[in-house]
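To start, the structure itself, in structure tokens.
In each ligand, atom 1 is the first atom listed, and ligand 1 is the first ligand listed.
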Amino acid sequence: METNTFDFLEKMERAGCTAFSEAKTLAEFRDLEVQFLGRKSELGLFLKSLALLPPEERHKVGKRANEAKRAITAASQSARARLSEASFDVKSEWIDVTDQPCSLPVGHLHILTTVENEIVDIFRSLGFDVADGPELETEFYNFDALNIPADHPARDMQDTFWIREDTRSSQDPQDHRSARLLLRTHTSPVQVRYMETHTPPFRIIVPGRIFRSEATDASHEHTFYQFESLFVDKSVSVGNFKYVAELFFSRFFGKRIGVRLRPSFFPFVEPGFEFDIACTVCDGKGCSSCHGTGWLEVGGAGMVHQSVFEAAGYERDRWSGFAWGFGTNRLAMMKYKIPDVRLFQSGDLRFLNQF
Ligand code: FA5
């Protein structure tokens with residue numbers, strides 16, 4: 001019995017080692033693994049049956065069976081190494097580490113965001129803080145607190161998107177938080193909001209989106225961006241405004257830019273101005289961009305009306321300040337020679353990807 005058993009193991013070992021050494025493909029190798037080393041292989045079943053042998057015989061036969069298994073396992077390992085190497089397909093598996101990575105489309109900042117960031121940076125360098133306010137505004141902050149009473153024709157200066165559902169109305173006319181809601185028509189309401197919680201001296205800018213119910217054309221949008229600037233102290237003058245404005249525009253356009261004031265009317269400032277900058281295309285000489293005038297209209301400005309200070313809770317005639325506001329879109333158009341304000345919100349990638 002023992003001699004037969006040892007012969008069987010000898011034969012099994014030789015057959016296994018030969019088969020692995022002659023295997024030509026990985027598929028063949030895998031079949032051989034099952035055939036010679038699997039749990040249901042002849043050797044596997046034999047090893048399992050050892051438990052039935054008497055202890056002494058089990059020891060001797062088991063030792064020889066394990067030797068056979070180790071020899072076949074060693075042969076299978078060298079076969080695996082040989083075949084894995086041979087099956088490596090250079091064409092499909094070789095990675096060129098010097099190759100350019102494929103370029104995935106990556107988004108970038110919108111041109112208006114870039115311009116807004118530039119403007120903020122310049123004002124910050126001049127010591128201005130950035131303030132913010134809601135786009136959904138109350139009638140009080142957008143109009144009343146800015147010295148534009150309900151029946152004043154100045155309300156018509158900016159066509160308004162009103163929010164039809166007035167869920168917050170109350171009977172108390174003094175409660176301005178209860179006033180009718182609208183989409184703010186300018187960034188000026190933030191003046192009063194800010195002053196309600198801050199005491200002068202301060203200087204702030206307010207970048208923001210605003211809305212006007214008006215017909216659009218190349219220079220008019222219904223939704224656009226503005227910058228408000230407010231400087232309040234004891235003895236602020238129009239001269240301070242002109243100095244800051246010239247400094248700002250010169251930095252923004254990277255060359256010396258003159259500013260001109262023209263008398264105008266905004267109910268929340270007195271005196272009020274419209275201000276122009278020297279044409280950035282012809283440097284004030286006169287060209288088609290400025291209709292031969294040498295000047296481009298940029299925004300509104302003036303000395304803060306004492307009624308506005310009062311609406312914010314300040315004592316009348318205690319403080320002085322200037323406020324001004326300009327269109328961010330219009331400034332971006334001047335800097336980047338963009339012919340139509342509607343392009344900003346067109347979603348046209350041919351336009352957006354230029355910046
Ligand atoms: C105002 O909105 C005032 N709140 C500005 C102001 C602030 C005056 C502080 C005094 C003191 P106005 O309506 O003129 O003013 O708008 C200011 C600027 O916004 C304009 O000069 C222009 O640059 C831009 N703007 C106005 N309407 C449009 C529009 N429909 N599309 C694009 N830009 C516009």
(message) A cation-pi test, strictly: NZ or CZ of R260 under 6.0 Å from the centre of the six-membered ring of F275 and no more than 45 degrees from its axis. Yes or no?
(response) no
Looking at non-hydrogen atoms alone, which of [options] comes nearest to [atom]?
atom: atom 3 (C) of ligand 1; options: F344, F326, F268, F227; answer: F268
atom: atom 12 (P) of ligand 1; options: E274, E221, R212; answer: R212
atom: atom 33 (N) of ligand 1; options: F275, Y225, F224, F241; answer: F224

(request) If the plane angle is over 60° it's perpendicular, under 30° parallel, otherwise tilted; pick one for F241 and F273. (result) parallel
(request) Give me the ring orientation class for H186 and F268: parallel if the planes are under 30° apart, tilted from 30 to 60°, perpendicular past 60°. (result) perpendicular
(request) Return the set of residues passing side chain to side chain contact (heavy atoms under 4.5 Å, CB included) with D99 (not counting sequence neighbours), or none when no residue passes. (result) D96
For [X] and ligand 1, does the shortest N/O to N/O distance drop below 3.5 Å?
X: Q226; result: yes
X: V341; result: no
X: H220; result: no
X: H186; result: yes

(message) We want to know whether E221 and T216 form a side-chain donor-acceptor pair, criterion being a heavy-atom distance below 3.5 angstrom.
(response) no
(message) Using a strict threshold of under 4.0 Å (side-chain N to carboxylate O), is an ion pair present between E33 and R80?
(response) yes
(request) Please verify whether a non-hydrogen atom of G272 lies at under 4.0 Å from ligand 1. (result) no
(request) Using a 4.0 Å heavy-atom cut-off, say whether V298 meets ligand 1 through its side chain, its backbone, both or neither. (result) backbone
(request) Quick one: look at E297 and ligand 1, take heavy-atom pairs under 4.0 Å, and tell me if it's side chain, backbone, both or neither. (result) neither
(message) I need the atoms of ligand 1 closer than 4.0 Å to a non-hydrogen atom of E228, numbered in the order shown.
(response) 7 (C), 9 (C)
(message) Could you tell me, atom by atom, which parts of ligand 1 come under 4.0 Å of a heavy atom of S188?
(response) 4 (N), 7 (C)
(request) Output all residues satisfying ring-ring contact (aromatic ring centres under 6.0 Å, His included) with H198, sequence neighbours left out; order by chain, then residue number. (result) Y194
(request) Look up atom CG in D276 and atom OG1 in T293, then write down how far apart they are to the nearest 0.5 Å. (result) 7.5 Å
